[in-house]
Amino acid sequence: MAGAVRRWMILAEIMHLPAVPRLLVLTQLAFNVGFYLVLPFLAGHLAEDLGLAAATVGLVLGLRTFSQQGLFLIGGVLADRFGARPVVLTGCVVRVAGFVVLGLAGNLPQVLTGAVLTGVAAALFSPAVESALAREGGRLETAGRVRRTDLFAMFSAAGEVGAVTGPLLGTLLLAAGFRSTCLAAAVVFVAIWFMHWRLLPAEPGAHAGEPVRDGLREVFANRRFLALAAAASAGLLAYNQLYLALPLELARVGATWALGWLFAAASIMVIAGQPVARAVRDRLGPRWAPATGYTLIAAAFAVVAAARPGTAAVWPSVALVVLLTAGQMITSPLVRDSAARLAGERRLGAYFGVLSAAGGIAVLVGSAVTGRLFDTAAATGPGTALPWLILAVVPLLSAVALSRMAVREPGLTR
């Protein structure tokens, strides 16, 4: 009975991991506590406190995400060359600076500076952690202890524990003002820096001494991987709408109070629902699981599009969060595992960097376009569903592409 309970409790599984992968998984928890103190409330601060238009808010959020995801390649190459520890520590310092600037910002250039700094920070530490986790996952899977897809699912669940805590704390701190929330997040990352300085092992980079151009040449010559990265970029674009489209929709129906609770509900869903997502992945297999996940993401936007002209209720936003989260739970571990396999388990920092850079480009372009669409929709009629329909089409295209790719690449994920 106790063994069955442990199998269904994802956090208990994390605590049974060996020391290094456990540290890497729990790192995501700590990062997200600090991150989600601020980001869910950034769009509202920019629109309401600073009076920026939706297109400008979309540009700020897109640049923040692009500076993170789009520069993952740099962080990944640095991790391959110097190892994870120095890159993670540097990223924490930059994130502290970014939150301080963002909290003190009073105009658009200052906001952009703070937003970009917070993104650059993640571009440093995230690929270092993910590539190290992919290596550890490969070793554990070879030893028959844990599948790498399951390890990445634990990584997501640990991050969501932080994502539960962050928005709720942010909701409380926001009563003291957005500046206080940003400064509190900076303090969190000071603590994270100290924790990793003490506990993260100092290991040489897997490709120390090798020319950087060799790694880049290898990655960009891998057409199968580039196809995966392009198709998977829709997932990050969709997820980014929790910070742009969702706050705008909640503001339209007069329910901005629900934002923090919806983020918390999504996080709880990821934590509690991992066994179900794992069963779906195993049941559907590598061909149909990605297609199903991205179809759920498309349905998330389609529901809002269908309901928007005739309702001013909160339930379409709830459906958006539930379906989008379910789709991400199914697809994200598969995409990361597939990326490592297509990389041949080499230069994982660079490969994960390109994977995230593709998503960053999609978010930069997509957020600006989406913001413009919402501005136009607000001018022509508050019930216009066109932005939501366009958002639904993109993940549907990815569902088709990833399904076809799985047919051509038997055994790509398992």
Side-chain angles (χ1 to χ4, degrees), residues 39-48 50-70 108 111-112 115-116 118-119 230-253 255-256 259 262-263 266 294-309 316-321 323-325 327-328 331 356-399:
L39 194 64
F41 312 101
L42 179 57
H45 169 67
L46 298 179
E48 297 171 14
L50 300 186
L52 301 180
T56 305
V57 174
L59 176 63
V60 172
L61 295 178
L63 283 173
R64 193 217 67 79
T65 303
F66 177 74
S67 64
Q68 172 179 323
Q69 306 295 140
L108 181 58
V111 167
L112 288 172
V116 168
T118 62
S233 65
L236 185 62
L237 173 60
Y239 190 77
N240 194 66
Q241 299 314 309
L242 293 179
Y243 311 115
L244 176 59
L246 177 62
L248 291 175
E249 176 65 8
L250 289 174
R252 185 186 74 87
V253 301
T256 53
L259 183 61
L262 285 176
F263 271 92
Y294 277 93
T295 300
L296 286 174
I297 293 171
F301 298 116
V303 166
V304 182
R308 202 167 198 255
S317 296
V318 176
L320 168 69
V321 171
L323 291 171
L324 179 55
T325 302
Q328 291 284 352
T331 58
S356 294
I361 294 171
V363 169
L364 177 62
V365 176
S367 293
V369 171
T370 301
R372 179 70 65 181
L373 287 170
F374 276 113
D375 278 339
T376 303
T380 57
T384 303
L386 180 62
W388 298 97
L389 290 174
I390 293 175
L391 286 170
V393 169
V394 177
L396 273 181
L397 296 176
S398 288

For Leu397, what residues pass the side-chain contact (heavy atoms from CB on, under 4.5 Å) criterion, not counting sequence neighbours? Val393
Quick check: does any side chain N or O of Thr256 sit under 3.5 Å from a backbone N or O of Leu250, one acting as donor and the other as acceptor? no
Listed by chain and number, what are the ring-ring contact (aromatic ring centres under 6.0 Å, His included) partners of Phe41, not counting sequence neighbours? none
Do you know the tightest heavy-atom contact between Asp375 and Ala53? OD2-CB, 4.4 Å
Rounded to the nearest 0.5 Å, what's the gap from CG on Asn240 to CZ on Arg64? Could you check? 7.5 Å
I need the minimum non-hydrogen distance between Ala298 and Ala392, along with the two atoms involved. CB-O, 3.2 Å
In terms of heavy-atom contacts, Ala238 and Leu324 come closest through O-CD2, 3.6 Å
List for me each residue that meets side-chain contact (heavy atoms from CB on, under 4.5 Å) alongside Val318, sequence neighbours excluded, and say none if there are none. Leu262, Val314, Val322
Heavy-atom pair of closest approach, residues Thr325 and Ala266: OG1-CB, 3.5 Å
Between Leu237 and Gly366 the two heavy atoms that sit nearest each other are CD1-CA, 3.8 Å
How would you list, by chain and number, every residue that makes a side-chain contact (heavy atoms from CB on, under 4.5 Å) with Leu50, sequence neighbours excluded? His45, Leu46, Leu52, Val111
Considering residues at least two apart in sequence or located in another chain, which fulfil the side-chain contact (heavy atoms from CB on, under 4.5 Å) criterion with Leu112? Val60, Leu63, Leu108
Leu42 and Tyr243, any side-chain heavy atoms less than 4.5 Å apart: no
Please round to the nearest 0.5 Å and tell me the distance separating atom OG1 of Thr295 and atom CG of Leu396. 6.0 Å
Nearest heavy-atom pair of Tyr294 and Gly235: which atoms, and what distance? CE2-N, 3.6 Å
Decide yes or no for Phe301 and Leu320: does some side-chain heavy atom of the first lie under 4.5 Å from some side-chain heavy atom of the second? yes
